[in-house]
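Just follow the structure's listing: the first ligand is 1, and inside any ligand the first atom is 1.
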Amino acid sequence: MLDSMTLPVVGAPMAGGVSTPALVAAVSGAGGLGMLPGGYLTPEELAAQAVEVRELTDRPFGINLFVPQRLDRAALEQAVTAYRMRLLALARARGAVVPEPFWGDTDHWEDKAELVRVVGASVVSCTFGVPPASRVAEWHEAGLEVHVTVTDPLEAAAAQRAGADVLVLQGAEAGGHRGTFDPSATPNRLDHLGLLAWVGSETSLPLVAAGGVTTSGDTGRALAAGAAAVQVGTALLLSDESGASVTYRAALRDPDLTTRVVTRAFSGRAAGAVRNDFVAMQDDATPAAYPVVDQLTKPLRRAAARQGDVHGIHIWAGTGWRAAQERPAADIVRDLVP
Ligand SMILES: Cc1cc2nc3c(=O)[nH]c(=O)nc-3n(C[C@H](O)[C@H](O)[C@H](O)COP(=O)(O)O)c2cc1C
């Protein structure tokens, strides 16, 4: 819960093994709000991780879910097949296998939306869209505070109509997937300060500012502009408790990787990442078919991570990636507060 925090710092949920239960607990334990990512996990895995967080801290924590989006299979199928062909040679070279495209639900939204009511979380946060108002009402009945990530005033209005308690304003500086509701739209370039000014003039809901926050100065500016708290991901990527792989950590520190872009190359959904050879090769060719593309590229990315190749993994990163530090997460969180 936002009002239970003694420090105005939310630890961003970072799916794919980065936000470990230890990281979530460390952020909450420091007085911030740790967020456990539910994306990509089975309901059983998510439940087990929530139990782990509960064992590590008695402070409030949240769970984050991906709101499923409708995919226009008929419109995208041909482009996905062509993209898969491009991947085959790359996969062979890595000893990886590209699966057949799967167009059904792989993220178990309904089961996880039920589960979050009973695993000890205080907050549920959503990205990629707005949960149905009926679902938000159920979460409220279970005592959960509901956060929704938005990237423009129209999305903010939709989240408010559905009953959100808190809006997470994700600026273009953010690492990882943009939360833009329409997955085929080109994400806007509004930063979190711009969003705070614009959305803040239209709502009285508490606002959490996300994107590019890596110093206490960044936090101070966001709070002065009306944010109730900041949400940080990239600042925690190199923390002791982060589950970022050895290759990911090396990539973030690689002096030859100097450019950050927003790319669909890895998953089909636009995401903030450090540019590497994979982006250079695939960016223009990738259809906006998340999560189908995500599943096609996953075996390649996993193989590249095992092989220590920074040019084959997704290097999710916000604009402040050079400021990420190898320290305990609690220290990082404390130092983010002015
Ligand atoms: C590695 C990584 C994974 C992320 N995964 C998620 C996620 O699972 N759910 C989510 O809502 N946001 C996710 N995000 C976005 C964050 O919630 C947040 O918007 C972003 O980290 C803020 O920008 P910053 O990285 O510059 O701090 C992720 C960000 C990163 C860097």
Side-chain angles (χ1 to χ4, degrees), residues 9-20 23-24 27 32-41 46 49 62-67 107 109 112 123-131 146-151 155 159 166-181 187 190-193 195 207-215 218-219 222 227 229-239 242-245 247-249 251-252 260 262 266-267 269-274 290-291 294 301 305 313-325 329 332-333 336:
V9 180
V10 179
M14 293 186 279
V18 179
S19 289
T20 58
L23 178 56
V24 175
V27 173
L33 179 66
M35 300 291 289
L36 185 65
Y40 310 129
L41 299 181
L46 178 56
Q49 292 202 5
I63 292 180
N64 174 257
L65 299 179
F66 295 163
V67 177
D107 205 39
W109 154 260
K112 288 193 269 195
V123 172
V124 59
S125 88
C126 291
T127 190
F128 301 164
V130 185
V146 180
H147 298 197
V148 177
T149 293
V150 300
T151 65
E155 293 176 357
V166 173
L167 302 179
V168 181
L169 305 182
Q170 190 203 46
E173 322 93 314
H177 285 122
R178 296 302 315 274
T180 313
F181 290 0
L190 282 168
D191 61 15
H192 68 256
L193 289 176
L195 282 169
L207 304 175
V208 173
V213 174
T214 45
T215 67
D218 296 331
T219 306
V230 292
Q231 178 162 310
V232 300
T234 298
L236 297 167
L237 282 175
L238 295 177
S239 66
S242 158
S245 69
T247 309
Y248 189 2
R249 287 172 180 266
L252 291 167
R260 180 189 163 276
V262 175
F266 297 101
S267 71
R269 180 175 254 285
V274 175
Y290 176 90
D294 187 66
R301 291 181 276 146
I313 62 165
H314 62 266
I315 313 168
W316 295 158
T319 49
W321 92 95
R322 289 293 194 211
Q325 296 173 8
I332 295 171
V333 167
L336 280 167

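Atoms of ligand 1 found under 4.0 Å from any heavy atom of Gly211, numbered from 1 in the order shown, are 22 (C), 23 (O), 26 (O). Within ligand 1, counting atoms from 1 as listed, the ones closer than 4.0 Å to a heavy atom of Glu173 are 26 (O). When each atom of ligand 1 is checked for a heavy atom of Val232 under 4.0 Å away, the hits are 27 (O). For ligand 1, the atoms sitting less than 4.0 Å from at least one non-hydrogen atom of Gly212 are 23 (O), 24 (P), 26 (O), numbered in the order shown with element in parentheses. Counting atoms of ligand 1 from 1 in the listed order, those under 4.0 Å from a heavy atom of Phe66 are 7 (C), 8 (O), 9 (N). Listed by number with element, the atoms of ligand 1 under 4.0 angstrom from any heavy atom of Tyr248 are 1 (C). Below 4.0 Å from some heavy atom of Gly318 lie the following atoms of ligand 1, by number and element: 26 (O).
Smallest separation of non-hydrogen atoms from Ser19 and Leu36: O-CD1, 4.3 Å. The two residues Thr234 and Trp321 have their closest heavy-atom pair at CG2-CA, 3.5 Å. When all heavy atoms are compared, the tightest approach of Ser242 to Leu23 is CA-CD2, 4.3 Å. Here the closest non-hydrogen pair linking Pro187 and Ala270 is CG-CB, 3.4 Å.
When the heavy atoms of Gln231, His177, Arg178 are ranked by distance to atom 17 (O) of ligand 1, first place goes to Gln231. Among Gly175, Ala174, Ala317, Gly233, the residue whose heavy atom sits closest to atom 15 (C) of ligand 1 is Gly175.
Within the 4.5 Å cutoff, the side chain of Asp107 has no heavy atoms near those of the Pro291 side chain. Within the 4.5 Å cutoff, the side chain of Phe266 has no heavy atoms near those of the Asp294 side chain. Using a 4.5 Å cut-off on side-chain heavy atoms (C-beta onward), Val24 and Gln49 make no contact. Side-chain atoms of Leu237 and Val18, non-hydrogen and from C-beta on, do get closer than 4.5 Å to each other. When side chains are defined from C-beta on, Val150 counts as touching Phe181, because their heavy atoms get closer than 4.5 Å.
With a 4.0 Å cut-off on non-hydrogen atoms, Thr234 touches ligand 1 through its backbone as well as its side chain.
When only non-hydrogen protein atoms are considered, atom 2 (C) of ligand 1 lies nearest to Met14 CG, 3.5 Å. Protein heavy atom at the shortest distance from atom 18 (C) of ligand 1 is Ala12 CB, 4.0 Å. At the top of the distance list for atom 9 (N) of ligand 1, counting protein heavy atoms only, stands Asn64 OD1, 2.8 Å.
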Evaluation steps, side chain to side chain contact (heavy atoms under 4.5 Å, CB included), between Lys112 and Ile63 = CA-CA 10 Å; Lys112 288 193 269 195; Ile63 292 180; over 6 Å; no
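Both tests hold for Arg269 against Phe128: distance to the six-membered ring centre under 6.0 Å, angle to the ring axis within 45°.
The N/O atoms of Gln170, backbone and side chain alike, include one that comes under 3.5 Å of an N/O atom in ligand 1. Of the N or O atoms in Ala15, one or more lie within a sub-3.5 Å distance of an N or O in ligand 1. No N or O atom of Ala210 sits closer than 3.5 Å to an N or O atom of ligand 1. In terms of polar-atom proximity, Pro13 is counted as a contact of ligand 1, with an N or O under 3.5 Å from an N or O of the ligand.
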